[in-house]
There are 2 protein chains.
Amino acid sequence: MTQATLPGLTLCNNAMLRRATRKLGQFYDDVLAPSGLKATQQGLLYQIHIGDEPTMGAIAGALVMDLSALGHTLKPLIRDGYVETFADPGDRRIKRVRLTPQGLIKLDEAMKLWRVAQQRFEDMVGKEQAAKLRAALDDLAALDFDLPPAAT
Amino acid sequence: MTQATLPGLTLCNNAMLRRATRKLGQFYDDVLAPSGLKATQQGLLYQIHIGDEPTMGAIAGALVMDLSALGHTLKPLIRDGYVETFADPGDRRIKRVRLTPQGLIKLDEAMKLWRVAQQRFEDMVGKEQAAKLRAALDDLAALDFDLPPAAT
DNA sequence: CTCATAAAGTGGCATATGCCACTAAATGGA
DNA sequence: TCCATTTAGTGGCATATGCCACTTTATGAG
């Protein structure tokens with residue numbers, strides 16, 4: 001009960017991650033603002049771009065994101081004409097995604113700004129440090145939390 | 001244009017951070033589910049708990065969160081009777097926040113689950129590694145991105 | 001004391017994300 | 001061939017977060 005000695009939330013891996021995400025998100029968003037895209041949208045356009053007309057599921061998987069969340073996030077981009085979807089000819093359950101010409105132009109524009117943000121970030125924390133952090137985060141995203149005990 | 005050689009979004013510090021946050025968030029949320037709280041809510045209740053009837057601004061600052069976002073996030077917790085607010089007697093612009101008795105009970109319940117998640121996480125990535133990650137994320141949240149060039 | 005300005009929140013609007021219940025389409029038997 | 005099951009998305013609902021325009025209080029000149 002002596003809350004004077006209670007540890008801060010600095011001990012929670014999840015809370016720290018969210019907090020850092022808010023901070024960095026604000027920074028990248030600020031730099032990307034002139035393009036009219038949020039950092040999340042730039043990242044999503046890029047992910048679509050580097051794929052070969054990826055399916056919704058493939059994108060969601062790559063981004064470790066819920067499929068329905070991806071669908072929601074895609075809506076404003078489709079509305080604004082940056083992205084379009086089409087049913088896979090071979091399997092009509094599957095919906096594929098691609099950038100429109102406008103989307104490609106917008107992505108180029110956003111990438112220029114992204115490089116600025118990325119560079120400024122790495123100038124502050126150090127290229128090495130940044131790479132190490134990304135590697136750690138990559139590992140994190142790949143973890144498999146299932147099966148609590150799983151002994152034997 | 002040869003997208004075959006385009007680097008994955010693995011290079012974007014921000015994207016990696018968000019991705020890891022989604023992953024870890026799902027894990028902590030899963031473990032906390034029996035309490036009915038999301039990990040963000042548990043973290044917020046805890047932050048309020050360790051403070052001395054903190055002001056909205058103080059909480060937002062500690063969590064590196066927008067003040068209005070905090071206000072929004074607090075609503076369901078107030079609605080569910082876990083948190084209550086009251087005007088500071090000395091400065092009526094200031095609103096202070098505290099847990100209700102119910103909120104304290106719920107926090108205890110959630111903390112038990114949180115420890116399980118935290119422990120399982122550290123068993124997987126290693127206590128050392130987790131601490132290092134948190135430290136890095138803490139530094140990140142403390143960065144000051146203002147003044148781009150700032151030479152001379 | 002009076003008013004311009006700063007400080008602290010609120011509300012509205014928009015995106016980010018998740019879960020769940022459903023629908024549509026493909027698949028694997030019987 | 002026909003149906004139970006699985007796969008891929010959609011829509012609705014709820015929380016997480018931000019920005020911006022205001023409203024309410026304090027404060028600090030004058």
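So you know, we letter chains A, B, ... as the sequences are listed, proteins then strands, and number each from 1. Since the model is a prediction, treat every value here as computed from it, not as a measurement.
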Interface polar pairs with nucleotides 15-18 of chain C, N/O, under 3.5 angstrom:
| residue | atom | partner | partner atom | Å |
| --- | --- | --- | --- | --- |
| C:dT15 | OP1 | A:Arg79 | NH1 | 3.2 |
| C:dT15 | OP1 | A:Arg79 | NH2 | 2.8 |
| C:dA16 | OP1 | A:Thr40 | OG1 | 2.3 |
| C:dA16 | O3' | B:Arg18 | NH2 | 3.2 |
| C:dT17 | OP1 | B:Arg18 | NE | 2.8 |
| C:dT17 | OP1 | B:Arg18 | NH2 | 3.1 |
| C:dT17 | OP1 | B:Arg22 | NH1 | 2.9 |
| C:dG18 | OP1 | B:Gln26 | NE2 | 3.0 |
| C:dG18 | OP2 | A:Asp66 | N | 3.0 |
| C:dG18 | O6 | A:His72 | NE2 | 3.1 |

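- Under the side chain to side chain donor-acceptor pair (under 3.5 Å) criterion, A:Gln119 pairs with A:Asp123, not counting sequence neighbours.
- Taking the six-membered ring for Trp and thresholds of 30 and 60 degrees, A:Tyr28 and A:Phe121 have ring planes inclined between 30 and 60 degrees apart.
- The salt bridge (Lys or Arg N to Asp or Glu O under 4.0 Å) check on A:Glu122 picks up A:Lys127, A:Arg134, with sequence neighbours excluded.
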I'd like a list of close polar pairs between nucleotides 21-25 of chain C and the protein, N/O only, cut-off under 3.5 Å.
none

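- In terms of the salt bridge (Lys or Arg N to Asp or Glu O under 4.0 Å) criterion, B:Asp139 has no residue partners (sequence neighbours excluded).
- With sequence neighbours excluded, the residues forming a salt bridge (Lys or Arg N to Asp or Glu O under 4.0 Å) with B:Arg96 are B:Asp88, listed by chain and number.
- If you take CD of A:Glu53 and P of D:dA8, they are 18 Å apart, rounded to a whole angstrom.
- Across the interface with DNA chain D, nearest-nucleotide mapping of A:Asp30 and A:Gly57 shows A:Gly57 to be the residue nearer the 5′ end.
- Within the structure, the salt bridge (Lys or Arg N to Asp or Glu O under 4.0 Å) test picks out the following pairs touching residues 64-84 of chain A (sequence neighbours left out): A:Glu84-A:Arg98.
- Partners of B:Asp138 under the salt bridge (Lys or Arg N to Asp or Glu O under 4.0 Å) rule, at least two apart in sequence or in another chain, are A:Arg19.
- Rounded to an integer number of Å, the gap from A:Ile94 CD1 to C:dA26 P is 9 Å.
- Legend: residues meeting side chain to side chain donor-acceptor pair (under 3.5 Å) with A:Arg93, ordered by chain and number and at least two apart, are A:Asp91.
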